[in-house]
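Letters A, B, ... mirror the listed sequences (proteins, then strands); counts begin at 1. For clarity, every value in this text was computed on a predicted model and none was experimentally measured. All values below were derived from every heavy atom in this structure, side-chain atoms included, with hydrogens, water molecules and symmetry-related copies excluded.
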4 protein chains.
Amino acid sequence: MARTPRGARTRAKLLEAAEHVFATVGYHDASIVKITEEAKVALGTFYTHFEGKKEIFDEVVLDLSHRVRLTMSEASTGVADRIEAERAGFRAFFGFTAQHPALYRIIRQAEFVSPESMRKHYDNIVDGYAAGLSSARAAGEIRPVDPVVSAWALMGAGELIGMRWILWENADQIPEHVFEGLMDLIAGALAPTDTTPHEGSAP
Amino acid sequence: MARTPRGARTRAKLLEAAEHVFATVGYHDASIVKITEEAKVALGTFYTHFEGKKEIFDEVVLDLSHRVRLTMSEASTGVADRIEAERAGFRAFFGFTAQHPALYRIIRQAEFVSPESMRKHYDNIVDGYAAGLSSARAAGEIRPVDPVVSAWALMGAGELIGMRWILWENADQIPEHVFEGLMDLIAGALAPTDTTPHEGSAP
Amino acid sequence: MARTPRGARTRAKLLEAAEHVFATVGYHDASIVKITEEAKVALGTFYTHFEGKKEIFDEVVLDLSHRVRLTMSEASTGVADRIEAERAGFRAFFGFTAQHPALYRIIRQAEFVSPESMRKHYDNIVDGYAAGLSSARAAGEIRPVDPVVSAWALMGAGELIGMRWILWENADQIPEHVFEGLMDLIAGALAPTDTTPHEGSAP
Amino acid sequence: MARTPRGARTRAKLLEAAEHVFATVGYHDASIVKITEEAKVALGTFYTHFEGKKEIFDEVVLDLSHRVRLTMSEASTGVADRIEAERAGFRAFFGFTAQHPALYRIIRQAEFVSPESMRKHYDNIVDGYAAGLSSARAAGEIRPVDPVVSAWALMGAGELIGMRWILWENADQIPEHVFEGLMDLIAGALAPTDTTPHEGSAP
DNA sequence: AATGAATGAGAGTTCATTCAT
DNA sequence: GATGAATGAACTCTCATTCAT
């Protein structure tokens, strides 16, 4: 597929249109007709590029997933302090959410449409996150929490916060007090406890 | 509607069948035919009890929402210690999830089907949770976190953990280490910092 | 049917409701449910009085038909001059039309619903009309026109005039100039030609 | 729609089938299934050409309306004498009626289905007719009757006559005595009165 | 590669009618 | 006589997909 430049262009137009349509009306009300109309392409053309509705959906999910992850990792890369890295990562996530509400709308409905895609998406994000926590823990920057469980839990926290204060409010950024409230919580959850008597806590 | 006992019985059968069908195949593939077949009732009968598919969906969501909330509040009521109350509440939540996977499957797809129902559900749960955190905070049992933000965040944490280790694993209960991992995190997030020398900690 | 006073009352309520509903929404959109609701009677009760939808329709048509005819014949009875009788009859017809727009709405849709009823209705009216023309002709009050053909033609004229200026205009009476225009035409059509030296005009 | 010859052909087949089905079983019993079966086209194809049942109905009405009007005006065009023109016009109308009983069956049921279409149809015919009467009157060929009122009245007369002696009798032409009876009436209605002392009526 | 007319299974919904109460 | 829950056939309409061009 898409061996010629023209084909590649058409394909790209279809993907872009599909992301928009899926995000706007949902998977089930997203008809191929709507997608091709939005892409300004004839109906039959769709099938020269994709096998069907689910295939293009999966591609859209994959693409979105890559993009969030990239945005988040770029933001936190190189930040020495773990708590600062958390802040940077979540800021990037909320920023992406505000600019691409499609993310939520598409991911959450993937449950029934394409469970594999959905799992892959969450797994992708958690993998990076858990790795970060793991090394931070090894470095003693955070409490010895379970990195994988924590990654899932914190991702869940971020997800609902984003849904509540960005998606539902149709906001273009997270309210500052919400962000700080969440970071406060996370800091508490991960902060090395004073009771851990390392670092020469003994008098 | 349902002015006779017979009518009430039929209506109940339909609701039960609908919950099952929605949870199994999702909203869009849940046809009225499937629901009435499962309820062993004629197709037309459906429309003597419900206006349409969305109406019965909303009722199913409402019902489920009430039930989780009840289960959770019953579990944590009367537990003096806040951390213990957290444990009890989350245990109840995971238990309910394991027994009613329908909860997730139905709630998560409600995004496009019936946003109002979905919001009502989350709001319901958060309200109770935030109230609990608020009074715990007033009593000095937890750090002075933002109760509402924290409630949403912790609910999100619980949601993804449940999805990952109960739903996806098709488990009938949460693995112990996951539960403890999550509780450890939450305890850390909420635990009163030792530095605050409240409650006459000075001899 | 309707052996008790209660039964007779219920039946009457149903007929009245049916006339209204048929006239308002037409035969096909007139559901039994609507009729019984309007009559404030339970759905099943309908079937203790009528065999079905068509039966009650036929009764409504018959009833309306009788009433127009009665109104018209009462108006023209005893009027000596034929042209005056015409005026009186048409006035009565237009008056009835204005007060019972149901007449048109119901009759015109009867074409497919109940052709027999419709024919009976037209035949009824024409019979009376043609008889009047016939005797007027015998009495030399009008030209020797074909009474039956003329009755149909003039009824048709009145029907469209009523439809155009009462029904479509939602008027509560026929505009005077229209009435006079029509009567002028009819007078011309029926008036004995001056050239016919009938009735021993030559002494 | 119908951007290819094939599409145009299919569309025409559907219209023809629709006219037949509407005329045979009436609007309400004319299902899309019946129409597409008669047109030998798949069900879904219907919806690539028409928005729904009412749309195709309106097109059928419009088409029929155009055709009667054309038939009538062609017949009376160029006929000098007004009374002769009347005869020619009515003959054409009855001829059309006999060949297209669909006209009545479809128009009369339009009352509830599509009042706009029905009015447009009657207005169309009346317009032409009234114009003819108007100029005839100006030319002194007929009495100074109200052209619009008369056009409606005479159209009504023709309509019922056609219904009674063509449609109900399933005749392929109007019985001669009926036609003459009607023309006699109309001639009387329109004929210049003898009292108008033109044409040297004075001895 | 692109086009768009054609397909037909299947959806949600309505409603005249039946029948147990 | 009156009630209203239950029935199921029939309807209109949608849409993913095919295929001739």
Side-chain angles (χ1 to χ4, degrees), chain A residues 1-11 28-36 41-54 56, chain B residues 1-11 28-36 40-54, chain C residues 1-11 28-36 41-54 56, chain D residues 1-11 28-36 40-54:
Chain A
M1 299 155 190
R3 309 254 174 88
T4 73
R6 178 165 66 137
R9 244 178 294 129
T10 304
R11 189 189 157 82
H28 284 95
D29 290 343
S31 64
I32 307 296
V33 169
K34 274 178 193 147
I35 293 174
T36 52
V41 148
L43 175 54
T45 303
F46 178 89
Y47 291 90
T48 64
H49 292 282
F50 301 96
E51 292 226 319
K53 195 168 160 184
K54 183 166 175 301
I56 201 175
Chain B
M1 298 155 191
R3 262 168 276 189
T4 69
R6 179 164 68 134
R9 245 177 292 131
T10 304
R11 189 189 158 86
H28 284 95
D29 291 341
S31 64
I32 308 296
V33 169
K34 276 178 192 148
I35 294 175
T36 51
K40 285 179 177 146
V41 145
L43 175 54
T45 302
F46 177 89
Y47 292 91
T48 62
H49 293 283
F50 301 96
E51 293 224 322
K53 197 168 157 183
K54 184 167 176 299
Chain C
M1 299 158 192
R3 311 254 173 88
T4 72
R6 178 165 67 139
R9 244 178 294 129
T10 304
R11 188 189 157 84
H28 284 95
D29 290 342
S31 64
I32 308 296
V33 169
K34 274 179 193 147
I35 294 174
T36 52
V41 148
L43 175 55
T45 303
F46 178 89
Y47 291 90
T48 63
H49 292 282
F50 301 96
E51 292 226 319
K53 195 168 159 183
K54 184 166 175 301
I56 201 175
Chain D
M1 296 159 192
R3 261 168 277 190
T4 69
R6 180 164 68 134
R9 245 177 293 130
T10 305
R11 189 190 157 86
H28 283 96
D29 289 343
S31 64
I32 309 297
V33 169
K34 276 177 192 148
I35 293 175
T36 52
K40 282 177 178 149
V41 146
L43 174 55
T45 302
F46 177 89
Y47 292 93
T48 63
H49 293 281
F50 301 96
E51 293 226 321
K53 197 169 155 183
K54 183 167 175 301

Fill in the blank from the handout: So the stems of DNA chain E, runs of at least three Watson-Crick or G-U pairs (under 3.5 Å), are E:2-21 with F:2-21
Atom-to-atom span, [atom1] of [X] to [atom2] of [N] - whole angstrom:
X: A:Ile56; N: F:dA16; atom1: CD1; atom2: C1'; result: 13 Å
X: D:Arg9; N: E:dG4; atom1: CZ; atom2: C1'; result: 14 Å
X: C:Phe50; N: F:dG1; atom1: CZ; atom2: P; result: 13 Å
X: C:Ile35; N: E:dT17; atom1: CD1; atom2: C1'; result: 14 Å
X: A:Arg6; N: E:dA1; atom1: CZ; atom2: C1'; result: 5 Å

Looking at every non-hydrogen atom in both residues, tell me the closest pair between [X] and [Y] and how far apart they are.
X: D:Thr36; Y: D:Val33; result: OG1-O, 3.0 Å
X: B:His49; Y: B:Arg11; result: O-NH1, 3.4 Å
X: A:His28; Y: A:Lys53; result: O-NZ, 3.5 Å

Handout entry: Check: B:Thr48 side chain, B:Gly44 main-chain N or O, donor-acceptor pair, under 3.5 Å
Key = no
Return the polar atom pairs (N/O with N/O) between nucleotides 13-16 of chain E and the protein under 3.5 Å, or none.
from   : atom 1 : to      : atom 2 : distance (Å)
E:dT13 : OP2    : B:Tyr47 : OH     : 3.1
E:dA16 : OP1    : C:Lys53 : NZ     : 3.0
E:dA16 : OP2    : C:Ile32 : N      : 2.8

Exercise for the section: State, with a plain yes or no, whether a side-chain heavy atom of C:Phe46 is found less than 4.5 Å away from one of C:Ile56. Expected result: yes
